[in-house]
Amino acid sequence: MLDIKLIREDTDKVAEALKRRGTDFLSDLKKLDALDNERRNSLQHSENLKNRKKKLSAEVGRLKKEGADAESQMEEVKSINLEIVEWDAKVAESEIQIREILLHIPNIPDPSIPDGLDESGNEELRVIGERPAFDFEPKNHVELAEGLDMLDLKRAAKIAGSRFAVYKNDGARLLRALINFMLDVQCDENGYQELYPPFLVNKESMTATGQLPKFEEDLFVMRDDDLYLIPTAEVPVTNYHRNETLADGDLPIKYTAYTPCFRREAGSYGKDTQGLIRQHQFDKVELVKFVEPENADTELELLVADAESILKKLGLHYRVVVLCAGDIGFSATKTYDLEVWLPAQGCFREISSCSSFGDYQSRRGNIRFKRKTGKPEWICTLNGSGLAAGRLFVALLENYQRADGSVAIPPALRPYLKNREVFEI
RNA sequence: GGAGAGGUGGCCGAGCGGUUGAAGGCGCACGCUUGGAAAGCGUGUGUAGGUUAACCCCUACCGAGGGUUCGAAUCCCUCCCUCUCCGCCA
């Protein structure tokens with residue numbers, strides 16, 4: 001949520017900055033400004049009346065104590081009350097409209113990110129490692145996994161529908177190993193605290209991180225309980241501190257969490273229908289940070305490095321991309337994507353998305369921090385995948401495959417797989 | 001799901017329906033005292049919104065939302081959460 005005061009004071013500048021996303025919000029901002037004026041005007045009326053009311057009521061108390069008559073004062077308060085109700089209703093109405101509009105306006109893109117309206121505007125920052133060389137035609141992950149009896153997509157479709165998977169045997173074991181490996185690295189080497197949060201969350205949580213109210217159609221919703229399946233651990237973990245004021249001495253706070261993620265993938269019909277790339281349910285180890293504003297930029301770089309550390313340990317070839325203003329998510333101000341090389345597809349594929357949100361989420365969720373002296377301030381939130389386990393599964397199989405359909409296990413992962421060196425039939 | 005108890009400031013803990021934004025204590029900050037420290041003494045110490053150049057001032061907030069009343073932390077209703085007991089259950 002943007003700061004109404006900022007909008008009030010610099011409407012044009014905010015509009016200009018938002019325009020980089022490819023949508024013009026100027027009329028919304030002007031409407032906000034008008035509503036805000038109305039609100040403050042009504043509030044003045046209401047507060048003046050309340051002040052008068054307070055004084056009169058106190059007078060009634062005094063008069064009654066003395067045994068004097070207070071009828072006229074009581075009558076005046078009664079009539080004032082009617083006016084107060086009217087003005088308060090106007091205030092409330094303005095506030096509701098303001099909030100409704102604010103909740104639908106995305107975050108302002110960071111000035112440092114490139115212009116562009118879609119992913120073609122993204123910029124490659126660095127490429128790490130090298131493409132593996134194959135002296136045979138590399139298979140895709142589905143062929144490999146099914147060949148090794150690791151995966152059963154057919155029965156998954158029977159059980160739940162398309163875009164679901166059953167991992168089996170070494171597949172299930174590998175997935176489990178990847179999750180444990182990533183959690184261990186983030187906790188033991190990168191200094192994150194592990195959380196295991198609820199997979200269902202309420203409306204307030206979804207609103208704070210920005211999934212609601214605008215993207216309800218992307219979520220799985222419980223029919224009878226006003227709860228939503230999380231699309232990412234970002235939601236429960238960021239909301240861990242909703243409506244709290246943290247001490248600056250505790251910052252930065254760094255959490256990692258494994259959760260499954262549930263996405264309806266509405267609007268992506270036909271995209272990535274093969275295999276594990278785009279599923280309704282997938283597993284992810286998430287990284288979430290709460291930091292002071294002046295450290296947000298540095299902390300984002302560190303977060304990316306923490307996500308990268310997994311890819312490096314596994315010896316995977318990848319690149320880092322900074323997203324352009326038109327391609328960042330609704331709540332984000334700056335985003336780096338990590339894209340891993342997939343030999344069978346012959347392209348880089350997103351495996352992590354690391355974003356800085358400024359105070360956008362903390363305003364929505366009322367998450368603040370307090371320095372030793374001074375007023376509470378909005379905290380800055382960051383998060384990123386560290387990493388998506390399903391896609392990492394794909395990357396490992398495709399990159400470490402051998403001509404006979406077996407798959408080598410990189411050394412870093414072997415302790416999690418009984419020190420085996422290869423998956424084979 | 002049923003029965004009971006409870007939710008007050010950073011924490012503990014008072015609070016007859018009428019200067020209670022809220023006693024008292026702890027904690028914290030600053031000052032005095034001291035060779036230094038502790039103790040002691042003094043002062044201060046919530047948040048949000050409005051207004052202002054700023055200070056002041058005004059309004060709201062005692063789990064949340066309604067209601068009664070001239071006036072509600074105090075009375076009534078609904079909901080949420082916590083604890084105890086029962087039921088159910090991996």
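So you know, we letter chains A, B, ... as the sequences are listed, proteins then strands, and number each from 1.
- Aromatic ring centroids of A:His141 and A:Phe393 lie 6.0 Å or more apart.
- Annotation: A:Lys312, atom NZ; neighbour count of heavy atoms from other residues, nucleotides and ligands within 6.0 Å is above 12.
- For the segment residues 87-98 of chain A, no residue has any heavy atom less than 4.0 angstrom from an atom of RNA chain B.
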Open item on the list: For A:Lys289 and A:Thr381: C-alpha separation, side-chain torsions, deciding distance, then whether side-chain contact (heavy atoms from CB on, under 4.5 Å) applies.
Closed with: CA-CA 6 Å; A:Lys289 286 192 192 182; A:Thr381 57; over 6 Å; no

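- No more than 12 heavy atoms of other residues, nucleotides or ligands lie within 6.0 Å of CZ in A:Arg99, so this atom counts as exposed by the packing criterion.
- Rounded to whole Å, the C1' atom of B:G63 lies 10 Å from the corresponding atom of B:U8.
- Across the P atoms, B:G21 and B:C30 are found 30 Å apart, a figure rounded to whole Å.
- Atom CD of A:Glu119 sits in a sparse spot, with 12 or fewer heavy atoms from other residues, nucleotides or ligands closer than 6.0 Å.
- Heavy atoms of other residues, nucleotides or ligands lying less than 6.0 angstrom from NZ of A:Lys214 number more than 12.
- Comparing the C1' positions of B:G40 and B:G46 gives a spacing of 28 Å, expressed to the nearest Å.
- For RNA chain B, runs of at least 3 consecutive pairs of the Watson-Crick or G-U wobble type, with both hydrogen-bonding distances under 3.5 angstrom, map to B:1-7 with B:80-86, B:10-12 with B:24-26, B:27-32 with B:40-45, B:46-50 with B:57-61, B:63-67 with B:75-79.
- Within 6.0 Å of atom OH in A:Tyr416, more than 12 heavy atoms from other residues, nucleotides or ligands are found, so the atom counts as buried in its surroundings.
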Task: nucleotides 47-66 of chain B: protein proximity per nucleotide (B base, S sugar-phosphate only, - neither; heavy atom, under 4.0 Å) - done: SSBSS------BBS------

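- Using atom P as the reference point in both B:G4 and B:C77, the two lie 13 Å apart (nearest Å).
- Between B:U47 and B:A22, the two C1' atoms lie 14 Å apart (nearest whole Å).
- Of all non-hydrogen atoms in A:Lys53 and A:Ile80, the two that sit nearest each other are CB-CG2, 4.3 Å.
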Interface polar pairs with nucleotides 68-73 of chain B, N/O, under 3.5 angstrom:
from	atom 1	to	atom 2	distance (Å)
B:C70	O2'	A:Ser57	OG	3.2
B:G71	OP1	A:Asn81	ND2	2.9
B:G71	O4'	A:Ser57	OG	3.3

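- Taking the charged nitrogens against the carboxylate oxygens, A:Arg349 and A:Glu339 have no contact shorter than 4.0 Å, which rules out a salt bridge.
- Taking atom CD of A:Glu204 as the reference point, atom P of B:C81 lies 11 Å away to the nearest angstrom.
- The existence of a salt bridge linking A:Arg155 and A:Asp152 is confirmed by a sub-4.0 Å separation between a basic side-chain nitrogen and an acidic carboxylate oxygen.
- No more than 12 heavy atoms of other residues, nucleotides or ligands lie within 6.0 Å of CZ in A:Arg173, so this atom counts as exposed by the packing criterion.
- For the side-chain hydrogen bond (donor to acceptor under 3.5 Å, both in side chains) test, no residue two or more places apart in sequence or in another chain qualifies with A:Thr256.
- Using C1' as the reference atom, B:A64 and B:C57 are 30 Å apart when rounded to the nearest Å.
- Of the P atoms belonging to B:A73 and B:G67, the separation is 15 Å, rounded to the nearest Å.
- As rounded to the nearest Å, B:G24 and B:G31 have P atoms that lie 24 Å from one another.
- Salt bridge annotation for A:Glu204-A:Arg242: absent, with no cationic side-chain nitrogen under 4.0 angstrom from a carboxylate oxygen.
- In this view, A:Cys380 and A:Val291, A:Pro293, A:Ala296 satisfy the side-chain contact (heavy atoms from CB on, under 4.5 Å) rule, not counting sequence neighbours.
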